[in-house]
Amino acid sequence: MRTSRAIIYLSLFASLPSIALATDLPKRASGLWETTVTMQKGIPPQKMKECVDEATDAEMMKMATDATTSMGASCSKNDVRKTASGFESKSECSMAGSKIHTTGSFTGDFTTEYKGEVTTTMTPPLFGQPGSKTTITAKRLGPCAADMKPGDIVMANGMKMNTKDAAADTALDPEDLKEMQEAMQEMAKIGK
């Protein structure tokens, strides 16, 4: 798994399961979105451009849910509630002997922009990671570029992938899981 793919999985993991199971969340407007994911101190923000429509957003949620399940996470609580300016979420899950508590808060109109903060604590630390705070900011840039179709994601380094293709490969194989564990352990070292 390439580092960019590990970052995408870690970004999904940090945001999940707090939003993956919610069905009444606001839908992003179709078009080209620029999304920045900031995970914690010492790790550079990850910026990507996504061409989205309603179908690909639904695919992304399914992919995130499938990835969480394939990592062995099970959740006993997953509450999402609407607020005046967006939504808030709380979840309690377990994975590999660790209790994972996640809270999230998202604001914005979801047609032109949104921002979210997700805080996760893991007790005991999971793969050496005691928790994380992830900030996600996104803004709609307009229609998708001519060379992009719904589901395309272009990372800041130019790497391009499609969520529909990735959804077919959401199960983490042992190499992917090992690389993700190593990435989480490295994040734990940076955070100290």
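Note that the numbering runs from 1 along the sequence shown for the chain.
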With a 3.5 Å cut-off and sequence neighbours excluded, list the donor-acceptor pairs that the side chains of residues 121-128 form with protein atoms.
none

When rounded to the nearest 0.5 Å, the distance separating CD of Glu92 from OG1 of Thr103 is 11.0 Å

So that I can tick it off, tell me whether Glu50 and Arg28 are bridged by a salt bridge, with the cut-off set at under 4.0 angstrom between side-chain N and carboxylate O. yes

Name the residue from Leu32, Thr35, Ile153 that meets the side-chain contact (heavy atoms from CB on, under 4.5 Å) definition with Lys49. Leu32

Using the ring of each side chain (for Trp, its six-membered ring), is Tyr114 parallel, tilted or perpendicular to Phe106, with breaks at 30° and 60°? tilted

Which residues pass the side-chain contact (heavy atoms from CB on, under 4.5 Å) test with Thr107, not counting sequence neighbours? Ser85, Lys115

Which residue pairs pass the salt bridge (Lys or Arg N to Asp or Glu O under 4.0 Å) test with at least one member in residues 152-163, sequence neighbours excluded? Lys149-Asp152, Asp152-Lys160

Where is the tightest heavy-atom contact between Thr56 and Gly151, given as atom of each residue plus distance? CG2-N, 3.3 Å

Is Glu113 reaching over with its side chain to a backbone N or O of Thr111, donor-acceptor style, under 3.5 angstrom? no

When clusters are formed by joining ILVMFWY residues with side-chain heavy atoms under 4.5 Å apart, either directly or through shared neighbours, do Phe87 and Trp33 land in the same one? yes

Verdict with supporting geometry, Val37 and Thr134, side-chain contact (heavy atoms from CB on, under 4.5 Å): CA-CA 7 Å; Val37 178; Thr134 303; 3.7 Å; yes

Assigning hydrophobic clusters by single linkage (Ile, Leu, Val, Met, Phe, Trp, Tyr; side-chain heavy-atom cutoff under 4.5 Å), is Val52 placed with Met148? no

Drop me the distance from Gln46's CD to Asn157's CG, to the nearest 0.5 angstrom. 8.5 Å

Gap separating the SG atom of Cys51 from the CG atom of Leu141, nearest 0.5 angstrom: 11.0 Å

With rounding to the nearest 0.5 Å, note down the distance linking NE2 in His101 to NZ in Lys99. 7.5 Å

So, are Lys133 and Glu117 salt-bridged, with charged N and O less than 4.0 Å apart? yes

What's the shortest heavy-atom distance between Ser105 and Glu88, and which atoms? OG-CG, 4.1 Å

